[in-house]
4 protein chains.
Amino acid sequence: MSKKNKPTNQKQMSFIEKARRAQIVECAIETIAEVGYTQASLGEIAKRAKISKGVISYHFANKEELLEQVAIEYYMAWHSYIAPRIETQKSPKEMLRVYIESNLTFVDENRQHVFAVIELLSNKITADGKLQFASDHDEAVLLPIENILTLGMQEGIFREFTKPSARVMALTIRNAIDGFTIELMRKPHLDVQEYTRELVTIFDISTKK
Amino acid sequence: MSKKNKPTNQKQMSFIEKARRAQIVECAIETIAEVGYTQASLGEIAKRAKISKGVISYHFANKEELLEQVAIEYYMAWHSYIAPRIETQKSPKEMLRVYIESNLTFVDENRQHVFAVIELLSNKITADGKLQFASDHDEAVLLPIENILTLGMQEGIFREFTKPSARVMALTIRNAIDGFTIELMRKPHLDVQEYTRELVTIFDISTKK
Amino acid sequence: MSKKNKPTNQKQMSFIEKARRAQIVECAIETIAEVGYTQASLGEIAKRAKISKGVISYHFANKEELLEQVAIEYYMAWHSYIAPRIETQKSPKEMLRVYIESNLTFVDENRQHVFAVIELLSNKITADGKLQFASDHDEAVLLPIENILTLGMQEGIFREFTKPSARVMALTIRNAIDGFTIELMRKPHLDVQEYTRELVTIFDISTKK
Amino acid sequence: MSKKNKPTNQKQMSFIEKARRAQIVECAIETIAEVGYTQASLGEIAKRAKISKGVISYHFANKEELLEQVAIEYYMAWHSYIAPRIETQKSPKEMLRVYIESNLTFVDENRQHVFAVIELLSNKITADGKLQFASDHDEAVLLPIENILTLGMQEGIFREFTKPSARVMALTIRNAIDGFTIELMRKPHLDVQEYTRELVTIFDISTKK
DNA sequence: GATGAATGAGCCTTCATTCAT
DNA sequence: TATGAATGAAGGCTCATTCAT
């Protein structure tokens, strides 16, 4: 898809290379979260990282690769935070609760990174080709919820869901989480625990048999 | 805040002035919806409007004012579509149903405009100063839902809501609608009626006493 | 081949548009001739034209279109200078003489433009895609000579030429002219008339029966 | 002229130093011949040589010195190929024939190196200071031809040549050879032997008494 | 009122060169 | 010696904005 071979192969990277990339990704996150996608130029990122603009180009094939890395690292962090917490739950009801709780906690504890990715995704909705990424992202994020819903239904704990209605339910849960994130961007002092409790309640009620 | 006096005062505008502004706003909506916020340069908008780039600058103090107008017109159209439909309902339960239904219908019937505003808001979340607008927007949009919830609670039809929990509920409903919009951008052939029914069900259940 | 539609259609251009383009092309010629292809950046060209860099981008889709225009204008000037002079000759021998003479005179009288195009072609030999142009250029330039040779042979004035040997002869004549141009770049005080006489003699002798 | 002392003095170079320089020069030739002067960055050369970019800077004061070396080695190879072949000829007529033949053979057998130098010279015609090199090159290359012409004239085998007319003749021969090279770059399957025969014929005729 | 023309800042990227290790 | 890392200048290009006509 891109002209150059992306040396995504992490094994080949030296320690210092990895460190620099990590640092730059970190600053990119910071910058995007603070000034927004549109204003987050390589120059701005470099300035905040106190490095020359060229350094970024040296470590990343282009801006896109950098942004992709921001998203990839986010997704990995998210997944490794959420997945184990859900897996240790026994009932689908508990799984759903933990899914909501751990997502909101994750957002709360990784505000900048999450904000940055929100910005990224927002700005890629219509951009050629990269719609793919946003779309992939969404499927990956939706699937676990749908699985929980299906499971709960099979176990007779949740109400009946057809396939489409499970999807709407999943989307609604996901939108509640993402919407919370945006609300948190606007109002950093939001009472996260309260919000979490409320969401758990709402979706506990609305999935109940 | 801006160098020029914004002639927001609509009374002073000649007929032709209003017509031109309307035409430009229309084209801006089209452009943003089709190519996305980032690609929607004044040049691109002008090209689609088959007018010179300068015309836009002539009628709008700057790009921001144009985009603001897109949002304002959206909000007015939205409000005049939604408000009367809700007002004719008697029970809060019906109000809520109609709120959801009419919002989704409005989105479905005004896709371009809604998509454009989604793009706009997405890209303005963090931008300096304009956080205000998005925020105002949200308050205006949230209030009616909160009112419905409060009313339903007072009438003993809805379950108990504290002030914060009413807000979370309202936000969740709003997020469901906005999230639906984004889903519709990605999948234009979505079954809107089915989605609507599901949402109504979800929030009917989750507000029930 | 390029993403944008080139508005090469000259009819659509306003007078001022044409004038500006002409001025910019003129400055591009000057710049390329004086500092060479590699150093002839848009910035340098703009500086010499005493205009902003953006003006060039405003009038030409990209650098390539500008350079192409330099080449096109050169070829048109060359053709309208050479063609009529040859056509008025009766014998192939005279045609050949006039071809050589008028080419060298043209070079002498349009030094900068010719130098610029030499630079252009030199730097496009290997560049992807644009090899085409250089190649087209060459065919267009070689054909008239081959025609003269063929004619002279048919009239029994020139010695026998097979098709390949006519081509080698044509190339040799063309190379002599282009080589003279380069020599003139290095030694501006070259005695052009003497050089012309000598070339005429050489190719008069070497085509004779 | 350059900041660093150029260690042109070959005596001082260690064996390994010489080997590295040779390897780099070799790769530079390859690169320039294949991708052209403009695309032949130090990075590209280093990549093909499978060495780090810094190595080149370590062994050559700057890019210019490297390119110069490419030219120097070319000239040496050329000279040691051509000179002995001419010297063994007795008559000027044969010398001229052999000059042309051996030049074309040399080009044919050293395509990459010759193409590279053509690229180099093309791009250095106007570049500051380096005009010198191209010029020196030319004198060195022209002189042998002029000597042959003078000799042939003195022996009464060639027609009369004044000093300037001998120079034009020499240039024309040289241009024929260089022009052939460029033609060969464009059309690698050119029949070199045929081309050679034709050139020999042309210049045999045009120098004859 | 409207336009085409012009501007200048900013963007991403490439690259020769320098330097610590 | 060799390397990877870093730099900073320059390049082509886009774009919101200004302005004379």
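Per chain, numbering begins at 1; letters A, B, ... match sequence-line order. Just so we're clear, the structure is a prediction, and the values are computed from it rather than from any experiment.
- Counting to the nearest Å, the C1' atom of E/dT14 and the NZ atom of D/K47 are 12 Å from each other.
- Between the side chain of D/E119 and the backbone N or O of D/Y37 there is at least one donor-acceptor pair closer than 3.5 Å.
- Nearest heavy-atom pair, D/A28 versus D/V70, reported as atom, atom and distance to 0.1 Å: CB-CG2, 4.0 Å.
- When the P atom of E/dG4 is taken as reference, atom CE of C/M13 falls 14 Å away, rounded to whole Å.
- B/S41 comes within 4.0 angstrom of sugar-phosphate atoms only, judged by non-hydrogen atoms across all strands, and of no base.
- Atom CD1 of A/I45 is separated from atom C1' of E/dC11 by 12 Å (rounded to the nearest Å).
- Atom-to-atom distance recorded for A/T31:OG1 and A/L42:CG is 10.0 Å, nearest 0.5 angstrom.
- Counting to the nearest Å, the P atom of F/dT14 and the CD atom of C/E65 are 12 Å from each other.
- The CD atom of D/E26 lies 12.0 Å from the CD1 atom of D/I24; values are rounded to the nearest 0.5 Å.
- Atom CD1 in C/I56 sits roughly 10 Å away from atom P in F/dC13 (whole-Å rounding).
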*Annotated protein contacts, base or backbone, on nucleotides 1-6 of chain F with a non-hydrogen cut-off under 4.0 Å, one of B, S, - each*: BSBBBB
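- Judged purely by atom type and a 3.5 angstrom limit, D/H113 has no side-chain atom pairing as donor or acceptor with the backbone of D/A71.
- Consecutive pairing runs in DNA chain E reach the stem threshold at E:2-21 with F:2-21, where a stem means at least three Watson-Crick or G-U wobble pairs with distances under 3.5 Å.
- Note that NZ of C/K18 and CD1 of C/I16 are 13.0 Å apart. Values are rounded to the nearest 0.5 Å.
- In this structure, CD of D/Q39 is placed 13 Å from C1' of F/dG11, rounded to the nearest angstrom.
- How far NE2 of A/H59 is from CZ of A/R20: 5.5 Å, rounded to the nearest 0.5 Å.
- Between the CG atom of A/L42 and the P atom of E/dT14 there is a distance of 11 Å, rounded to whole Å.
- Using a 4.0 Å cut-off between charged side-chain N and carboxylate O, A/R21 and A/E65 make a salt bridge.
- Summarising the geometry, the separation between CZ on D/F60 and C1' on E/dT18 is reported as 18 Å, rounded to the nearest angstrom.
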Please table the atom pairs, donor to acceptor, closer than 3.5 Å between any side-chain atom in residues 44-53 of chain D and protein atoms at least two apart or in another chain.
from  : atom 1 : to    : atom 2 : distance (Å)
D/E44 : OE2    : D/R48 : NE     : 3.2
D/R48 : NH1    : D/E34 : OE1    : 2.7
D/S52 : OG     : D/G54 : N      : 3.0

